[in-house]
Amino acid sequence: MTLTNHYLTGVGVAVVTNNPIITLPAALISHYVLDSLPHYGFKDWESRNQKIFKAMLFIDIVVFGLLLRYLLINSVPGWFYLAGLVGYLPDLAWIYRWIITEKFGTIRPQKMNFMNNFHASIQKHERLWGIIPEVVYGAGMFVFISGSIK
Ligand SMILES: [Zn+2]
């Protein structure tokens with residue numbers, strides 16, 4: 001799932017609970033729930049070097065930047081940003097693996113640890129067409145958050 005949607009969900013959990021003690025673990029759990037649903041992504045290692053993967057990653061980072069700007073303009077509480085980060089947190093392991101272990105995708109992935117195996121195994125519905133439900137979900141979550149923080 002995209003950075004933007006994981007982050008939006010963490011912030012959405014913060015909006016709903018308005019309690020950091022409940023929000024942070026719930027945001028972490030939300031990551032795994034979302035990854036188990038149909039979403040955008042590529043299953044195989046070779047596809048991650050395709051132009052479309054890199055283009056989608058670039059778009060995701062730009063949209064995420066716009067989201068952060070929106071949250072800053074609307075002065076949400078500081079811990080909402082932490083909730084968004086926790087919502088994305090498990091995917092930092094993929095970034096670490098891609099940069100450090102796979103040398104920016106030039107080395108085939110090696111054996112994964114228990115957590116990464118679990119994380120990969122729940123993403124059975126990761127497909128290119130998953131961008132469609134992701135756009136719908138992200139738009140809905142953004143509308144919910146923007147309507148709740150004003
Ligand atoms: Zn994930």
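Atom set for the values below is all heavy atoms of this structure, side chains included, hydrogens, waters and symmetry mates excluded. One-based numbering, in listed order, for ligands and for the atoms of each.
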Give the ring-plane orientation class for Phe118 versus Phe114, where under 30° counts as parallel, over 60° as perpendicular and anything between as tilted. parallel

Any side-chain donor-acceptor pair under 3.5 Å between Asn5 and His39? no

Of all N/O/S atoms in Asp35, the name of the one nearest the Zn ion (ligand 1): OD2

From His119, does some N, O or S atom reach closer than 2.8 Å to the Zn ion (ligand 1)? yes

Find out whether Val11 and Leu8 are in side-chain contact, i.e. whether some heavy atom of one side chain is under 4.5 Å from a heavy atom of the other. no

Can you confirm whether Thr9 sits close enough to Tyr88 that some side-chain heavy atom of one is under 4.5 Å from a side-chain heavy atom of the other? no

Could you pull out the atom name of the N/O/S atom in Asp91 that is nearest the Zn ion (ligand 1)? OD1

